[in-house]
Structures are given as structure tokens and as C-alpha cells.
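Single-structure report; data block below.
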Amino acid sequence: MSSLISLRNIFTRRTYNVAKSLAAQTHLHHGLRHKSSAASDAIAAASIKVANGNLNDLQPHVRQYVLEKAGLCKPDQIYICDGSEEENQSFIKQLEKDGLLKKLPKYDNCYLALTDPKDVARVEHKTVISTKNQRDTIPIVEDGIKGQVGYWMSPRKLQEELDDRFPGCMKGRTMYVIPFSMGPIGSPLGKIGIELTDSLYVVASMRIMTRMGAAAMKAIGSGEFVKCLHSIGQPLPMEKKPTNHWPCNPPKTLITHIPDKREIASFGSGYGGNSLLGKKCFALRIASRIAKDEGWLAEHMLILGLTNPQGVKRYVAAAFPSACGKTNLAMINPTLPGWKAECVGDDIAWMKFDEEGRLRAINPEYGFFGVAPGTSHDTNPNAMETIKSNTVFTNVAETGDGGFFWEGLEKEVDKNVDITTWLGHKNWHKDMLSDAGKKILSAHPNSRFCAPASQCPVMDPAWEDPRGVPIDAIIFGGRRPKGVPLVYEAFNWQHGVFIGASMRSEATAAAQDASGKAMPKVVMHDPFAMRPFFGYNFGDYLAHWLSFQEKPGYKLPKIFHVNWFRKDSNGSFMWPGFGENTRVLEWIFKRCNEDNVAEKSAIGYVPTEGSINLDGLKESVDMHGLYHLPKDFWLEECQAIRKYLKEQVNKDLPEAIKLELDALEQRVRKM
Ligand code: GTP
Ligand code: SPV
Ligand code: MN
């Protein structure tokens, strides 16, 4: 680390000019302004030390952003990250010293972080989008209805909330400046951001999840970048000692977005999507709004390449809600002989139609922030291979021999090895009960690994292709214990958009409620797996998706719906899932070839008898049960969808979607 240089020295002659030009720009700038003006913030910032890098080397608009936020948050020093391995190792040493990371010596360069148990997942109710007009963010609902497709905050209220949190919030800490690229640097589909954060855990994670460092900074040039401000919200000295060395501020947690300004400010949480701002905040909420303006799509989708035994390759993208199987499908190990699957991305897809009318997709990310529980050599061997080195684990259990553990790894550890849970219970065993009689889990259900994508043994050769990969099929899906068959295909694009709009799924541990509790495990609407991630009005989003069918020359992908999670009367999954999902992918592949393996049903095309390949399947599967379409269930489903779309999308619901629902209901009545 270079010695501390006073900013005042750097700006010997320039301080006045910078301040003056900032003062002029503040008038034009309606982004996140605060009580004190940006100009006086910058003057205040001029006494802040720079621990690494040189503010003079930054582009003027980047420097202005850094100085303005430094003046506001008042860190002790600024550190401009270069992304080098040397720098990363010094950060990891510091994190170990701070007690925030613990080395897992069983593996190479792997670490464990345990959070404050109050900060373990995304907080949807504290995630807001601010636009001048409410209707630009969410559909306006009738009195007495609670909107569920995003939370709007007025610019005035947002300013109050920010003024209540950010001034002085980094006192005693370092503000790290993280330049990062979403997508390969230089890709026409990529975008650059700068995250300012006072959390070194965030820096270390962003280095894995994004292309971070000097090259991204250079790529900004005089161009646009997404402004991302993050603070754990605990200036020093802290009033109370942090729990688990994980400072955070749950009562004040707020994650805010200003799409018009391409600006994000997140306060109080250090966890996942709340703090790694390139991910959900930028690559989904801000990007979906940019995508609408520019005519492309930013979606909560994995991207996967499939090669059949004849050597024909196709790419598919799939949207499943959080913790519903994207990472697992993205890294699938095919069980059918001769099939190859390769991973492009596991969580987010940016997709744009090219000059030839083909939909092309890039993975904007550089790593995986994957759900740990359930991951094993049986279910996802490629993930297990990926996380053997250079990985940060959060809220998993630790074994006595310095390894990781979670629910699902029971068969893979020595029976005599000691396990310490994420909450510090020693000598854990799987039947251990709490005082309340509830099972004690070894790992938090939303515990995760953060690992470089390049380490995944099945990355697609084109995963960093700046042009993206061509998408032939889009797959929707969710956790549906009842009524929804293994797979069906939309009649056409418009019907497919309706299927996306109608998606429902059981709630998972990926989000917590406003009071920090886990969400009840009930079936919830989660259209396009985007309910928590829409960057603008869901009705406008539907219109945007529908608009592609009007574009001459666009080759629209086929749309499918899958369900790996149907349960029998004993509550057991009816489909083996994981690698066996290849059988469904094979059918989808055949449909992309226009093979005659489908027949019409009330809800869409379904596989003809025997067209799902069951050769070599180890367990017997009740295919009739998996295909069965109970009329009562589907009538109720239509009613639930109608109520939801009427209440939640109200006047912004495109007529085409209503017509699709009417048509579905009529077909179901005739079943
Ligand atoms: P996010 O990262 O939150 O967006 O989640 P995701 O959609 O990537 O989900 P992921 O693949 O991590 O799976 C979540 C959980 O579902 C894990 O516990 C998996 O083991 C389990 N799972 C994934 N695929 C299947 C499947 O085919 N069948 C069953 N029964 N469980 C599955
Ligand atoms: C999700 O919840 O969909 C995730 C995890 O991928 S987080 O990054 O925390 O949003
Ligand atoms: Mn996700």
C-alpha cells in the first residue's frame, strides 16, 4: 500500500477550480444531493487522505463523483482499487485481522465470513426506486391494495432518507473506489460502474463477481458509468460492538435506485444483492430500465449452451426465482449419453437482438454468488469443483479440519469430523434441536459461495464473447408443488409473455421480510422471476416484451415453462431433478428443431406420450402424475392470475395479456 498522500497536496492549485466547477454542475445535477452542497462537500473532501491511487488520474466526472460522496460520507481516507492480486491479498489479510474472514485451510485461498444473523438476505421491503412520477416505477393500485411489484419513493422523501443516513456515515473508515465492468470490457453489450463502499468484504466479493480494477476504470473514458454508493452504516467509533465482527445497521437498511440518473445508494447491509451493487441493483434494476430505453432486455436468467449427440449446439436462457435452480441448471452435468452442457452465466442475462434479428445474450457477471445448501457432488459436481479455491463462503458451517459444510453434504464428510454451525454451535449433528424444538441447521438456508466463473470446469468457450451467444429458447419456471406439469411450451411469443407474467413459486430463504424474519413458504407470484428486480413499471415491462413481436425480421426464441418441484401426496419430489433435467432440455432442443414431439393442451404444447427420454433413469417416475393437468387446479390458477394482474398491474396491463388469460380460462373450462 502506498503512503498516505493528502488530497490537499494533490490539489495545491486545483482545489478552487474543482470546487467552482462542482458548484456550477450542482445546479444541473438532480441526483443524490444532500444538505450540504456538492461543492462544499468537495472542499471538505480535499482534506481526506488518499491511501492508494491518484485522484488526478481519474476522469473529471469520476473524480467529481468520488469527491462529492467522500465529502458527504467523510471517510478517513480514500482508496482507489486497481484490482491486482497483490492488492487483493493485502485486503484479505486485513479482513482476517478484522475477524471478518477466516481461512479455510483445507482448500486453496478459501475463506469463511459469518454475518450478523440479522443481515443474511436481500430485504425486498427496504428496496426502493425513485422517479418523479410514481407510475414510472410501479403500476398505481386501487385503494386498499398493497402493491407487490416494487416500491416507489418520491424524490423528496428519498432525499430525506438519504440525508438521515449518509452524512458522516464512513467516519473512521476507508472509502474504497471500485471501478468495475458488467460484461466483458469493451463488449458493445457491457456497461461500467463505480462502487464506493466502506466494506472490504464487498471489495473482495466485487473482485470475484465483476471485472474489477484499472482496466474498467480506463474503459470509462469520458463515457457514462453507473454510480453506486454503499455504506454498512456504522461510522467509528461504534456505539455497540458488532456481532460476528460484521458491522451493519438493519434498522436503517435501505437500498435505493434513481434510474433516471443511473444512480444507486445502499445503506446498512453488507449482504449479497444489498451490497454487491453490480448484481441486482445495477445489472437488473438499473439495467432493465436502460434496456427498456434502448430496446434490449436485462433479465434474471441463466444462460446455457447445449450440444446434442450429433454436434448441433443451441443456447437457452432460463428465469427461475431466487433459490429455484438457476445455478444448478446452468452447470448441469447431463445424464443422457452424448449430450454436452456448457455454462455462460447462472443468474443474469443481458440480451439484445442483433442485425440478423437473433437474440444475443451476455452474462454481465464474472463470478457466481451461489446458494450453498443442497450443493454437493451428487447434485452439482461442477459447482463443487468451482469452489475448491479462491472462494469466499458466507454463513456456512465449518468442519474441524478447516473445511466447509452445509445441508446436503452429509454423505461427503467423515462421520467423526466436528462441525461448527454458522451460529457457532459446536459438535453439530443433523438431529440437533433448539430449545424451541426446531431443527438446528448447520448453515443458513441462504448461505452462499462467491467464486470466480473462470474456475467452473464447464464454462462455455464463448462465455466471454463480447457479441454474446444466440438464444433459441427462453425457459420460465418455479417451485410449484401442485398442478404444474414438468414442461410445456407456449403457443407463440405473446402466449409466452403471458406465461412469464403468470409465474408463481414458493417463497425461499433468498429474501427476508422487513423485520428480518424468513418469508413464509407459500406460493407467491413472481412474474419473470423479476418481482424483486423490476427497474420500472411491470405493465410497461410487459409492453416492452410484447413489442418484440411487432419488429420485422426478429427471430423470436421459443418460450417454455418447467417445474422440477412437483410433489406427490407424501410431500416428496416426483421428478429426480438436477442432472436428469437434461431429459427435459432434450425435449426443448427437439422442439427448437421443430420435431413433432408435442401436442396441444389447454395450457400450451406438452410432450407426446414417450417423447421425454427416460432411458437409463435409475428410479421409476410417475410420468402421468407429472403431466397431469387437474381442471380444478387450473381454474383456480386462472382466478389467482386474474386477481393478481387486475390488482397489481391494474390500468397498465397490456390488453394482449388479458386476452391470453381469457383464452386460457376458456380452454381450461373445456378440459
Ligand atoms: P439464486 O442464486 O438465489 O438466484 O438461486 P438459483 O435460482 O441459482 O438456485 P440454485 O440453483 O442455487 O438452487 C437453489 C436450491 O434448489 C438449491 O438448494 C438446490 O440444491 C435446489 N435445486 C436446484 N435444482 C433442483 C432440482 O432440479 N430439483 C430439486 N429438488 N432441487 C433443486
Ligand atoms: C437472488 O436472490 O436472486 C440472488 C442472491 O441471486 S442476491 O445476490 O443476494 O440477490
Ligand atoms: Mn438470483
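Here the side chains of I362 and P184 are in contact, with some heavy-atom distance below 4.5 Å. Side-chain atoms of V562 and F320, non-hydrogen and from C-beta on, do get closer than 4.5 Å to each other.
Here the SG atom belonging to C456 is positioned 9.5 Å from the CH2 atom belonging to W463, to the nearest 0.5 angstrom. Summarising the geometry, atom CD1 belonging to I588 is positioned 8.5 Å from atom CG belonging to L306; distances are rounded to the nearest 0.5 Å.
Applying the 6.0 Å contact sphere to NZ of K340 captures no more than 12 heavy atoms from other residues, nucleotides or ligands. Counting heavy atoms of neighbouring residues, nucleotides and ligands inside a 6.0 Å radius, atom NZ of K590 exceeds 12 of them. Within 6.0 Å of atom CD in E294, more than 12 heavy atoms from other residues, nucleotides or ligands are found, so the atom counts as buried in its surroundings. No more than 12 heavy atoms of other residues, nucleotides or ligands shown are found within 6.0 angstrom of NZ on K482. Around NZ of K643, the count of heavy atoms belonging to other residues, nucleotides or ligands within 6.0 Å does not exceed 12.
The aromatic rings of W493 and W545 sit parallel to each other, their planes meeting at less than 30°, with 60° as the upper class boundary. Taking the six-membered ring for Trp and thresholds of 30 and 60 degrees, Y541 and F538 have ring planes inclined between 30 and 60 degrees apart.
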Apply side chain to side chain contact (heavy atoms under 4.5 Å, CB included) to residues K279 and I348 and explain how you reach the verdict. CA-CA 8 Å; K279 200 173 179 43; I348 299 176; 4.1 Å; yes
Test F180 against Y366 for ring pair (Phe, Tyr, Trp, His ring centres under 6.0 Å), laying out the working first. CA-CA 10 Å; F180 64 96; Y366 201 45; over 10 Å; no
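Using a 4.0 Å cut-off between charged nitrogen and carboxylate oxygen, E637 and R504 count as a salt-bridge pair.
A cation-pi geometry, defined here as NZ or CZ lying under 6.0 Å from the six-membered ring centre and within 45° of its normal, holds between R591 and Y605.
Checking N308 against Q310 by side-chain atom types alone, a donor-acceptor pair falls below 3.5 Å.
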